[in-house]
Amino acid sequence: MFKSLLDIQNLSVDEIRLIMTKAEEMKKDIDGDTLDVAALRGKNIVTLFYENSTRTRTSFENAGKFLGANVTNISIANSSVQKGESLIDTGKTLDALSTHLIVIRHSASGAAKLLSDNVEAKVINAGDGMHEHPTQALLDMFTVLLHYRKFEGLKIAIFGDIKHSRVARSNIWGFSKMGAEVTVYGPSTLLPDGIDKMPCKVARSVQDAMKGADAVMGLRIQLERQQKGLFPSISEYKKYFAVTDAAIKSAKPNAIVMHPGPVNRNVEMTSDIIDGARSVINEQVSNGQAVRMALLKMMLAGA
Amino acid sequence: MSENKIIENRTLVLIKNALLDGEKRDLFIENGRIKKIAKKIVEPNIAALLEQPDLIRTEVIDAGGKLTLLPAFVDIHAHLREPGFEGKEDIKTGLEAAVNGGYAAVCCMPNTNPVIDNEYIIRYICDRANSLNLAKLYPIGAITRGMDGQLLADFGKMRDAGAVAVSDDGKPVANANMMRLAMEYAKDFDMPVTSHCEDISLVDEGVANEGYHATLSGLKGITRAAEEVNVAREIVLADALNTGVHIAHVSTKGAARLVRDAKRSGIRVTAETCPHYFAATDKLILNYDTNAKVNPPLRTEEDRLAIIEALKDGTIDAIATDHAPHQKSDKACEFNFAANGISGIETAYALSYTYLVKSGAITLKKLSELMTDNPAKIFKLEAGKLEAGALANLVLVDNSAEYKIDKNKFLSKGKNTPFHGLTVTGQVVYTIVAGKIVKRNGVVAGHE
């Protein structure tokens, strides 16, 4: 199918549906021990990570290995990006090393597109700056789909640092395309300018955002944002913006709780919520594995 | 040198059938100045006027009733990169690009390496430019030594060596008191001060205009307030010190309003904008085209329309290019890491004609004021005029020519333009600097 998966914004509803279907088939194969472990034999995958990551990189690495691909991990310290080899040159080197697919994470928005535009290999964006993190949104959507068997009419509430979040952007596009209603909430300093023109609602309070939510998603608060003055203190943040037991009372009684991880316990979300019965945070991780395996197979084996 | 110079200066140029205010006119140039403009000037009579006809060459340009005659343009804001960044541009390629774009006078910014902050570099630049016989180059000296905002540069010595203004363009003076001292001291030498208005604390590492498009692309935004806060600061300082200030590249609706209000209050502020601020918007960043990365950033449609309005009502006095050439590797990278700037001196007229005159916003006469008379006045430079006795800095433009901008045809080393492939109207066919034809029938001298 597509050469690269760079964002959710430009995916069609049909493409997202197809990915969901393939992910579900993959999940059945994993659970039923009927996986074709040689599906990607002879395919060379490189994970090219310019930012630290454990879960996403491991998830992709396992996804490739479980299907029989060769997976090479390259981590490049962020600080050397500007001094070292250019991204385009690195991409061309990987092409020359018979790479079929590059999974890239980079601190600069648009980096995945820049790479894709300049290499023969297929590219999956594993997070580019504040732009998008499409596989995270796909696994979030897959998780919601497994719970509700539909998207239409669902209310998805996203809390936290929307401004700097690629996860928020990808989820806003994805869920809204599939017919769900997305509401975002966070302090004004962590909401990006023009967010009201994206396909989402901007809530005025935690209760307003929670009201009637079927899925409640917290986003990681980078602690350095507080040091830069974007909010005054952790305790103030917790009191007015976090996902807490009190706040979630306004959501639907059976609403699920999601988080892309890694979580700052008792900052953006209380431990009670994280470990509570509504939490699907660990399911998200397992579902991510299935979604990424499905994507790799679709892109490299054409099925 | 002197003998050649005399011959050059004595070269006569007769332009026939040029459109001047819509009427066909002939124009005759002698000794670098316009001798006569009339309905018909007969060629043989020219030679008869001269004492030493053997030293004289007569050039005849037939404009065919199709080409329009305008005074050549004056750019009070360009980056020619020499010394130090010759991979991006040098004085020769920069001035070739300038005459290709119809400019007879160019003022170059001091953010070179070393910085143009002393009389010796000013002299070097003037000497280099004068030896080329292209457009006239007027260096702008730095406000502070090394453009580091700490100590004033020697304004007087730089002026006497040929500097026409001072600016810390691209690395704006952050400290308000330092700017106050610069504006005060500049008065003693009658030096215009150009301020690149940007509060770095508000820029906060942003790379694109803050708004919907930056949010969609995940690029860190720069609030318009970053520009406007410093425009306001310079206006307040000019008022308090009873002096003038020139605002570089106005790009926002709010900045235009501040300048408009200041002018109404009698504060001596002048302002320029650049073609990209009325010909493009931040929509161009959506595909991460690094050629659309410029500082200040491309703004919204609302700003673009406000800039056109400000040009119409005289709030913005001049169109400058902020010609900022870069080499390929400066732009072939992640948007965040790409250099700021657009190579714009060769597209300025076409973009201005297309987006201002053809669109019906202003007249050609008004455009000519914005590109020539007004910028020349701000920096007190002699510009061409369409009258007898005036300096023969002229262009012949074809305002019926419609074509696609082709960066590969730029004479500038910088091919960094977001306008490649854009269809525009208006082409510079001839450029004449002090009576010398430096662009002839579409071809710049030395590129025949």
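If you're wondering where the values come from, they're calculated on a predicted model, not measured in any experiment. Just so we're on the same page: letters track the sequence lines, and every chain starts at 1.
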Open item on the list: More than 12 heavy atoms of other residues, nucleotides or ligands under 6.0 Å from NZ of B/K253: yes or no?
Closed with: no
- [ ] Under 4.5 Å heavy-atom distance to chain B, tell me which part of A/K113 shows up: side chain, backbone, both or neither.
- [x] side chain
Task: Part of A/R169 within contact of chain B (heavy atom distance under 4.5 Å) - done: side chain
Task: A/Q9 CD to B/L286 CG distance, which is reported to the nearest 0.5 Å - done: 7.5 Å
TODO: Please check if atom OH in A/Y240 has more than 12 non-hydrogen atoms from other residues, nucleotides or ligands closer than 6.0 Å.
DONE: no
Open item on the list: Does anything in residues 221-231 of chain A reach chain B? List residues with heavy atoms under 4.5 Å apart, or say none.
Closed with: A/K228
Task: Whether A/H131 and B/Y288 hold their rings parallel, tilted or perpendicular, with breakpoints at 30° and 60° - done: perpendicular
Open item on the list: At under 4.5 Å between heavy atoms, what parts of residues 176-191 of chain A are in contact with chain B? List them by residue number.
Closed with: none
Task: chain A contact residues among residues 211-222 of chain B, heavy-atom distance under 4.5 Å - done: B/G211, B/Y212, B/T215, B/L216, B/S217, B/G218, B/L219, B/K220
Open item on the list: Is it the case that atom CG in A/N52 sees more than 12 heavy atoms from other parts of the structure closer than 6.0 Å?
Closed with: no
Task: Contact winner vs chain B - A/D196, A/D193, A/I162, A/L115, heavy-atom pairs under 4.5 Å - done: A/D193
Task: Heavy-atom contact with chain B under 4.5 Å, split by part of A/E132 - done: neither
TODO: Residue by residue, scan residues 295-311 of chain B and write down, ordered by number, those that have a heavy-atom distance under 4.5 Å to chain A; if none do, write 'none'.
DONE: none
Task: Separation between CD1 of A/I88 and OG of B/S329, rounded to the nearest 0.5 Å - done: 10.0 Å
- [ ] Look up atom CD in B/E334 and atom OG in A/S109, then write down how far apart they are to the nearest 0.5 Å.
- [x] 11.0 Å
